[in-house]
Amino acid sequence: MFEIRVICTPVEADRVTRELAAAFTTGAVRQHPTRDGERTRLYVTADHKPAGQGPTPDEAYAKAPSIVSEIGWTAQAARDMRRGGQDEREFWLRKAALLDRIALDDEKAGAHGDASTLARRAGRRLMELDGAETSATCDARGYVRQQYAAWTKREQRAELVAAGRCPNCRWPAYQCNCAEHPDA
């Protein structure tokens, strides 16, 4: 992770911010006028984007519940965790994914709040739980997307098996001929 400072005209600030976000994984952009008041100073925390690793956000969150639903689940799970009744990894995975989705919406809208910073922090917490590499060059949000996509696939598979369907062809288990069927 590193800090970038850019001095530009106020008119260029939005374009520069968009270009930085396209080139790097960025946090919130802080703007301050220069001493002469004619230009703007932009400060942004940035990280390298991974080179083609993991699923895209659309792929990772294709089957995710609505953001509002996940906010409710996260709030309930946080209460349950205090009572010892919630899986800590699932909590941090879903919380990090929720924050990543909020940050993605903010980025699409051109908003520069702290959602991406919070998403990255939650992603790093998940990485710590998993014992994953948390070096400065590792994209925590990309890691969350990768883990969320894998978790969704496992959950969907378990639901199909519980419903008596083959997780590969989705046919009822008694009609399935898949070589990969769990009972084959």
Heavy-atom closest pair, residues [X] and [Y]:
| X | Y | result |
| --- | --- | --- |
| Arg141 | Glu107 | NH1-OE2, 2.9 Å |
| Ala77 | Phe91 | CB-CD1, 3.7 Å |
| Ala13 | Gln31 | CB-NE2, 4.2 Å |

Path from [X] to [Y] over hydrophobic side-chain contacts below 4.5 Å:
| X | Y | answer |
| --- | --- | --- |
| Leu104 | Leu118 | no |
| Val144 | Ile71 | no |
| Val16 | Val44 | yes |
| Leu126 | Leu99 | no |
| Tyr61 | Leu93 | yes |

* Asked: Would you say Ser116's side chain and Thr26's backbone share a donor-acceptor pair under 3.5 angstrom?
  -> yes

Classify the side-chain pair [X]/[Y] by whether it contains a donor and acceptor separated by less than 3.5 Å.
| X | Y | answer |
| --- | --- | --- |
| Gln147 | Arg89 | yes |
| Tyr143 | Arg145 | no |
| Asp36 | Thr34 | yes |

Output for pair (Asp139 CG, Arg124 CZ), nearest 0.5 Å, gives 8.0 Å

One should read off an interatomic distance between Asp130 CG and Trp92 CH2, to the nearest 0.5 angstrom, of 13.0 Å

Residues passing the salt bridge (charged side-chain N to carboxylate O under 4.0 Å, His left out) test with Arg94, sequence neighbours excluded, are Glu70, Glu90

When you compare the side chain of Pro33 with that of Arg39, does any pair of heavy atoms fall below 4.5 Å? no

Give every donor-acceptor pair under 3.5 Å between a side-chain atom in residues 3-11 and any protein atom, sequence neighbours left out.
unit_1: Glu3; atom_1: OE1; unit_2: Thr45; atom_2: OG1; d: 3.0
unit_1: Glu3; atom_1: OE2; unit_2: Arg30; atom_2: NH2; d: 2.3
unit_1: Thr9; atom_1: OG1; unit_2: Glu12; atom_2: N; d: 3.4
unit_1: Thr9; atom_1: OG1; unit_2: Glu12; atom_2: OE1; d: 3.1

